[in-house]
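Shown next, in structure tokens, is the structure this report addresses.
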Amino acid sequence: MATDYDLIIRNGIVVTDTEVGEYDIAVKDEKIAKVVARGGLKDNKAARVIDAQDGYVMPGGVDAHVHLQEPPLFGKGSTADNYESGSRSAICGGTTTMVTFAPQKKTEDTLLDTLRDTHAKAKDNCYTDYSFHLIVGNPSTTALSEFATLRSEGISSLKIYMTYEALQLHDGQILDVLLEARAQSITTMIHAENGQVIDWMTTQLEKRKLFAPKYHGPSHPPMAEVEATYRAISLSEFMDTPILIVHVSTPAAAAHIKAAQDRGLPIYAETCPQYLFLTKADLDPPGGGFEGAKCVCAPPPRESEADCDVIWDGLANGTFTILSSDHCPFRYNDNVHGKQTPINEEYPLGHFRYIPNGLPGIETRLPLTLSAGRLDLKKFVEVTSANPAKLYGLWPRKGGLVEGESDADINIWYPEGKMKEFALKNEMLHHDVDYTPFEGRKVRQWPRYTILRGKVVWDKEGEGLVGGKGYGQFVRRGVSSLKGPRNPGEWEIPL
Ligand code: DUC
Ligand code: ZN
């Protein structure tokens, strides 16, 4: 049978970052070919037709903060998921593109070996499309001179840290990175916590023999994040170059970011579901013991639901440009690489200083957030898909449903009210981790179908995961389409 298209999706409520409406979609050669008013494709034939039955049809999720197959960097322990299991989990939760980290060690001079090694880990192993942010652990003369090569290799963002012994840069090194990033139109992500404050607080707690997981919270006080956020904004303003502050958790840091944005600075910010759904209480669950380690991440979950409410507000009012998972998983029942690494005879309840920081969340990011029903639908697509694509040079290929331009990466959700609310369980997930920090949370939405470049890769009511490992491709990225330096051109020393 001669067909006009590879796939037609009928009867959807199509949601993009700018529009909600009743449209039908046609896909051909892996791209969005047509988006037309409902019924407009009734005379067309396709190899496959899906009836969305009034469910939302949205661009596939773009998760721009994902740690896979990394060595110990954030405490003792190595990340649980590799590229296969991490991307598998992603696709089963509606994320069709992930941007993972390629971490350069402090002892290495070059970034290009790191890039090559990370390509080798990902190639032929991914269920999603993917790219990398380089983590600059050592901004050596060689590394800085390689930023131009990164750009020609399709990498347009990097990440630096203001904390963690293995990665922390001092302010002069940060300026070195920002200067070269500006010259190459690279977006710099910054983990903004003051490492010296965290070390000092950790020592204070140790002196008082306070070692349990719950003391991870006070060892990372809000002040350490707020100070570093303000400093990062100041350094970015001085260099007149865009930054994205990752995983913001405190209302006061969000206020600094909003004030900078209101002054017209190209300051972007990210938050994550853990700062919407978890609080200090999750670090100290009933029964005590070591269970709180499951929620040890940095920054830590904050004081109360009132803090979470402010973070939700920041998504709604545009302070937060993107919502990422910061998927950085460590197995709980694992004392060699996982959360229980710091349990030994000397510390039978472990020692918070050494608990690897990070949580799994790549599969739950979209369903949990949509199910909460607290974001306008267009805003949901903006922060989970369109904006990460725009910020990191993937737009309009990713994050949108633009005829002739966008890859046909699509989530078809359940019609409102059709999915019975259920309690999330780790056994439903597809990562290689033995827990989820969101166990028992109520969910009432999940992608029914996920489509990557025109191919159904997740069919919830059919066989579930139907995509293939290795179908995911590396995506070369261009420059950010969000606002750049206020005064482009060469940076001049203010005299
Ligand atoms: N925070 C985490 O919780 N994990 C990975 C790194 C980070 O900054
Ligand atoms: Zn991080």
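In each ligand, atom 1 is the first atom listed, and ligand 1 is the first ligand listed. Given the structure is predicted, the values throughout are model-derived calculations rather than measurements.
Heavy-atom distances between Glu193 and ligand 1 stay at or above 4.0 Å for every pair.
A salt bridge is defined here as a Lys NZ or Arg NE, NH1 or NH2 lying under 4.0 Å from an Asp or Glu carboxylate O, and Arg302 with Glu225 meets this definition. Between Asp262 and Lys258 a salt bridge is recorded (basic side-chain N to carboxylate O distance below 4.0 Å). Using a 4.0 Å cut-off between charged nitrogen and carboxylate oxygen, Lys294 and Glu439 do not count as a salt-bridge pair.
For the pair Tyr161 and ligand 1, the shortest N or O to N or O distance does not fall below 3.5 Å. Geometrically, ligand 1 and His67 share no nitrogen or oxygen pair separated by less than 3.5 Å.
At a heavy-atom distance under 4.0 Å, only side-chain atoms of Cys328, from C-beta outward, approach ligand 1. Contacts with ligand 1 closer than 4.0 Å are made by no heavy atom of Leu359, backbone or side chain.
At a threshold of 4.5 Å between non-hydrogen side-chain atoms, the residues Tyr354 and Asn344 do not count as touching.
With ligand atoms numbered from 1 in the order given, ligand 1 contributes 3 (O) to contacts under 4.0 Å with heavy atoms of Cys297. Interface of Asn357 with ligand 1, defined as ligand atoms under 4.0 Å from a residue heavy atom, comprises 2 (C), 3 (O), 4 (N), 5 (C).
Cation-pi geometry between Lys159 and Phe101 is met: under 6.0 angstrom from the ring centre, within 45 degrees of the axis.
The aromatic ring centroids of Phe474 and Phe132 lie less than 6.0 Å from each other.
Nearest residue to atom 8 (O) of ligand 1 from Glu70, His220, His191 is His191 (criterion: closest heavy atom).
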